[in-house]
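One structure is given here, and the rest of the page talks about it.
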Amino acid sequence: MPQYRAAIIGCGSIAGLHAKGYEGVEEVDLVAIADPVDEALETFGDKHGIAARYTDFRQMLREEEIDIVSNATWHRLHAPVTVAACAARPKAVLCEKPMATNLGECEAMLIAAKRNQVKLAIAHQRRFNPVWTEARRLIVEDGAIGEVRHIHAVGGQGLLNDCSHLLDMMRYVTGDPTALWVMGNVERKTERFERDVPIEDRSVGIVQFDNGAVGQLLQELGGRNYQGGIFYGTDGVIELDEQKIRLISGSSGGWEERRPEGEDPSVAQVRELVVWMEGKGEHRGQAENARAAIEIIMAIYESARRHEVVSIPLLTHSNPLEVMIESGGLPVERPGPYDIRGFLLKGEAMWAADSAST
Ligand SMILES: NC(=O)c1ccc[n+]([C@@H]2O[C@H](COP(=O)([O-])OP(=O)(O)OC[C@H]3O[C@@H](n4cnc5c(N)ncnc54)[C@H](O)[C@@H]3O)[C@@H](O)[C@H]2O)c1
């Protein structure tokens, strides 16, 4: 029998994975949804058989008794919607990544969760991917490649989007070390945005972790953008993506391939949330881990702004990329704002208008 009532705020593409998570855990019942765009609300509500539909998420929080709130809105709404959700005192909030668009917003979310005794997790769901978890076990528990010295990853769509997963991967797979310092650079000659947040055209970031490993992240540089990376150790190498691990070490006698299987990450993420809510364990996606990824991203931007190595903890609470743009530090050479996620926009009958004009 379900014991916990869940609700989703934001009924777009990623909300489907939240629904899948709730539908896959028997203790949870998805009972209400909110989205100001009728088309999104009705399509999602019909697909998942949810009767309680709200165009105002605050009204939903007032009128429904909710134990778990998903925040599946765009980046800029992660902080304000999470703070409002925490004020309604559910047992847990599961917010989409990136946790926020700057460290100040992260702090506001953490404070709101703490004051209202809400468990706050961020949906870096690849922490529940069996491949990434097996790689962590091999590296941290078995010492399968010795001490990790270097981590390589290639991302795209700006540091806050795909790359928040990749920086989280660097930490998760190596046992959640602390970043000590960061150096980075960015190029932004266009007016590029991603889900309403300005992003760079290209960037590079180097992170020194306290376990001795150095992470290198290339954004829109250096080849194929994928969710995975290469971990170089003193006694071997692990290369992983979302499906498989390739391992070579001093004792492996050549490359080995492993394809570990396990529960769907979206379901496993909710299952562990229930355990955490019941005080029986931790949640590997708890917000402090997601904050650490945002801190590294903001430190890369701050390093580019100051042209120097930036120590962690980072002192600025703003988004240094936005500061650089506003202060003229990144002059646009190819003007004309565009959002690489503009295709996600629904409502205002824009599709009908488009088709009528063609
Ligand atoms: N974890 C992952 O792997 C993953 C994958 C994709 C997207 N995401 C994250 O999920 C978030 C949403 O992305 P998406 O692709 O689903 O976008 P989307 O545009 O498909 O969905 C966002 C929805 O939020 C709704 N919304 C806007 N304002 C709202 C409000 N005030 N109250 C309620 N709903 C509101 C929009 O109408 C829209 O339906 C982003 O932050 C993105 O980074 C994460």
Side-chain angles (χ1 to χ4, degrees), residues 2-33 44 48 50 66-73 75 78 81-82 85-86 90-100 106 109-110 113 118-137 161-173 175-176 227-228 240-243 260-294:
Q3 303 147 27
Y4 303 113
R5 291 162 56 84
I8 298 176
I9 302 174
C11 299
S13 59
I14 199 61
L17 286 190
H18 289 247
K20 185 180 188 183
Y22 296 131
E23 287 159 4
V25 175
E26 61 190 12
E27 291 94 333
V28 184
D29 203 6
L30 176 57
V31 297
I33 52 175
F44 194 83
H48 296 280
I50 301 153
I66 303 295
D67 299 299
I68 310 174
V69 179
S70 273
N71 180 358
T73 60
H75 313 350
H78 289 177
V81 170
T82 294
C86 287
K91 292 185 172 57
V93 171
L94 177 60
C95 176
E96 262 311 322
K97 50 58 59 179
M99 179 170 174
C106 291
M109 295 162 81
L110 287 164
V118 177
K119 306 281 192 201
L120 175 60
I122 307 298
H124 278 134
Q125 79 279 10
R126 292 184 179 88
R127 283 181 171 250
F128 297 86
N129 180 310
V131 176
W132 290 23
T133 298
E134 173 63 1
R136 175 179 165 118
R137 194 194 63 73
N161 192 25
D162 290 358
C163 299
S164 70
H165 281 300
L166 293 172
L167 291 164
D168 190 57
M169 171 198 74
M170 289 186 189
R171 293 189 61 251
Y172 177 60
V173 171
D176 286 317
Q227 286 293 321
L240 61 81
D241 56 25
E242 293 180 272
Q243 283 77 41
E261 289 180 5
E263 190 167 44
D264 181 276
S266 300
V267 177
Q269 172 174 252
V270 172
R271 197 176 298 290
E272 197 162 286
L273 196 59
V274 169
V275 171
W276 193 31
M277 281 160 43
E278 294 179 349
K280 297 176 189 161
E282 297 284 293
H283 194 273
R284 68 193 90 165
Q286 56 189 280
E288 286 76 7
N289 280 324
R291 183 197 180 282
I294 299 295

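We count residues from 1, following the sequence as given.
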Just wondering, do [Y] and [X] contact through their side chains at under 4.5 Å, heavy atoms?
X      : Y      : answer
Gln227 : Asn129 : no
Val69  : Thr82  : no
Glu96  : His78  : yes

Once rounded to the nearest 0.5 Å, what's the spacing between atom [atom1] of [X] and atom [atom2] of [Y]?
X      : Y      : atom1 : atom2 : value
Cys106 : Ile294 : SG    : CD1   : 5.0 Å
Gln286 : Leu273 : CD    : CG    : 11.0 Å
Asn289 : Leu167 : CG    : CG    : 12.5 Å
Arg137 : Thr133 : CZ    : OG1   : 11.0 Å
Ile8   : Ile68  : CD1   : CD1   : 10.5 Å

So, using side-chain hydrogen bond (donor to acceptor under 3.5 Å, both in side chains) as the criterion, who are the partners of [X] when residues are at least two apart?
X      : value
Ser70  : His18, Tyr22
Gln125 : none
His75  : Glu194
Arg5   : Glu64

Residues forming a side-chain contact (heavy atoms from CB on, under 4.5 Å) with Ala287, sequence neighbours excluded: Met99, Leu110, Leu120, Ile122
If you look at every heavy atom in [X] and [Y], which pair is closest and at what distance?
X      : Y      : answer
Ile50  : Val31  : CG2-O, 3.4 Å
Gly262 : Pro130 : N-CG, 3.4 Å
Leu240 : Ala135 : CD2-CB, 3.4 Å
Gly10  : Ala72  : O-CB, 3.5 Å
Pro90  : Cys86  : CD-O, 3.9 Å
Val25  : Val267 : CG2-O, 3.7 Å

ring-ring contact (aromatic ring centres under 6.0 Å, His included) against His48, all qualifying residues, sequence neighbours excluded: Phe44
By ring-ring contact (aromatic ring centres under 6.0 Å, His included) - contacts of Tyr172 (at least two apart): none
Under the salt bridge (charged side-chain N to carboxylate O under 4.0 Å, His left out) rule, what pairs show up with a residue in [range], not counting sequence neighbours?
range            : answer
residues 122-133 : Arg126-Glu242, Arg127-Asp168, Arg127-Asp176
residues 266-278 : Glu263-Arg271, Glu272-Arg284, Glu278-Lys280
residues 9-25    : Lys20-Asp264

Set of salt bridge (Lys or Arg N to Asp or Glu O under 4.0 Å) partners for Asp67, sequence neighbours left out: Lys91
Glu288 bridged to Arg291 by N-O distance under 4.0 Å: no
Mutual orientation of the aromatic rings belonging to His165 and His124 [parallel < 30°, tilted 30-60°, perpendicular > 60°]: perpendicular
Selection residues 7-16 - residue pairs positive for side-chain hydrogen bond (donor to acceptor under 3.5 Å, both in side chains), sequence neighbours left out: none
